[in-house]
Amino acid sequence: MEQPSTLTPLTGAVRELASNVVSALESGGHSRMSAAPAVTTGDDDLGLAAVRVLGADVLLPSVLHRAPPAPVDVAVCEKAVLAHPPAPDASVTSRWTHWAMTRTLRRLGAPAAGTPPGDADPDAAWLDDLPWQALTHQLSLLAPLAVPDADSAVARAAAGRTLDIARGFVRAVRRRGWLQAAGAGRWLALLDDVPETLGLDAGLEFVSLMGTDDPRVALHLHAARLLRPARLGAP
């Protein structure tokens with residue numbers, strides 16, 4: 001577990017930004033990125049890096065609440081996309097998170113830093129052969145792709161391995177890996193055929209109680225609640 005004294009500046013900036021997104025999810029507003037210290041104190045490089053790390057989830061309130069994003073949020077996201085494109089040797093995960101940001105920007109009516117709308121999905125075939133433990137780890141990193149009307153190769157791969165993700169969720173909870181558990185739980189909230197024996201609702205509430213020190217955990221859990229309101233008792 002990360003302690004405040006050991007957080008890097010980037011991790012602290014990502015957490016601050018995640019906190020703003022959680023507040024917006026709770027209130028129904030936009031992400032209020034302009035309230036993030038890394039953006040408002042002139043530390044532009046740190047702020048843009050934090051936006052790139054959090055990825056498409058910066059705009060999650062607009063996606064889930066179907067509300068127009070704040071212009072400052074769109075502008076900073078587009079700037080982050082331009083400032084931090086995937087390197088030629090970037091991991092597939094990095095390529096997918098970049099794709100998710102540009103696709104979200106396009107869906108919200110932004111030019112997405114000039115990315116052609118017809119860009120194909122990055123490769124996701126590698127997910128099919130991963131052991132369930134590694135699959136859960138990778139999908140937790142790609143949790144920003146778990147959104148309503150998800151239409152990506154990653155979402156399709158996840159839909160075909162619900163039982164493996166459920167196993168990974170249980171493993172993450174047992175190992176006290178709250179961030180991974182929250183990311184896996186967010187995917188399970190989106191997917192069909194989740195076994196009732198998993199007790200996902202109770203599991204998500206337990207993760208919420210135990211992972212309260214990390215706003216990134218809260219972000220995924222709020223997303224899960226909004227993805228399956230009927231099952232979680234939300235209005």
Side-chain angles (χ1 to χ4, degrees), residues 11 13-36 38-39 47-81 84 93-94 96-110 112-113 115 138-152 154-155 158 178-191 204 207-208 211-212 214-229 231-232 234-235:
T11 301
V14 171
R15 285 190 167 203
E16 182 70 22
L17 188 55
S19 294
N20 292 339
V21 174
V22 171
S23 295
L25 289 172
E26 292 175 335
S27 68
H30 59 75
S31 61
R32 298 184 299 161
M33 194 185 321
S34 57
V39 175
L48 292 179
V51 171
R52 181 64 184 89
V53 170
L54 201 61
D57 275 345
V58 171
L59 297 167
L60 186 63
S62 294
V63 172
L64 293 183
H65 295 312
R66 302 184 185 279
V72 65
D73 290 1
V74 173
V76 175
C77 282
E78 289 190 301
K79 191 173 182 181
V81 166
H84 297 280
T93 302
S94 179
W96 268 109
T97 56
H98 185 267
W99 179 89
M101 286 191 74
T102 57
R103 183 172 186 263
T104 300
L105 284 165
R106 287 199 301 269
R107 290 180 68 180
L108 293 172
T115 303
Q138 291 297 326
L139 287 180
S140 70
L141 298 177
L142 295 172
L145 287 158
V147 293
D149 304 318
D151 181 20
S152 68
V154 169
W178 309 125
L179 184 57
Q180 186 174 123
R186 176 171 167 180
W187 277 107
L188 291 169
L190 182 71
L191 299 175
L204 291 173
V207 174
S208 179
T212 54
D214 191 339
R216 296 169 298 180
V217 172
L219 191 161
H220 291 319
L221 295 176
H222 276 285
R225 292 187 181 98
L226 290 169
L227 285 169
R228 50 184 301 207
R231 299 181 196 177
L232 293 174

From CG (L17) to CG (L54), nearest 0.5 Å: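 That separation rounds to 5.0 Å.
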Interatomic distance, Q138 atom CD to Q180 atom CD [nearest 0.5 angstrom]: 9.5 Å
Less than 4.5 Å apart, any side-chain heavy atom of L108 and any of L105?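 No - every pair of side-chain heavy atoms lies 4.5 Å or more apart.
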Does the side chain of L141 come within less than 4.5 Å of W96's, by heavy atoms? no
According to side chain to side chain contact (heavy atoms under 4.5 Å, CB included), who are the partners of [X], at least two apart in sequence or on a separate chain?
X	value
A182	V207, V217, H220, L221
L64	L25, L60, P148, A223, L226, L227
V22	E26, A218, L219, H222
A56	A100, M101, T104, P144

Applying side chain to side chain contact (heavy atoms under 4.5 Å, CB included) to S208 and R225, what does each step give before you reach the verdict? CA-CA 11 Å; S208 179; R225 292 187 181 98; 3.5 Å; yes
Sequence-distant partners of [X], side chain to side chain donor-acceptor pair (under 3.5 Å), two or more places apart:
X	answer
T97	R52
D151	R156
S152	none

Applying salt bridge (charged side-chain N to carboxylate O under 4.0 Å, His left out), which residue pairs with at least one partner in residues 138-149 are found, sequence neighbours left out? R66-D149
Residues D57, R186; criterion side chain to side chain contact (heavy atoms under 4.5 Å, CB included); working and verdict: CA-CA 12 Å; D57 275 345; R186 176 171 167 180; 2.9 Å; yes
List the atom of L139, the atom of W187, and the distance in Å for their closest heavy-atom pair. O-NE1, 2.8 Å
Donor-acceptor check, side chain of R15 to backbone of D214, threshold 3.5 angstrom: yes or no? no
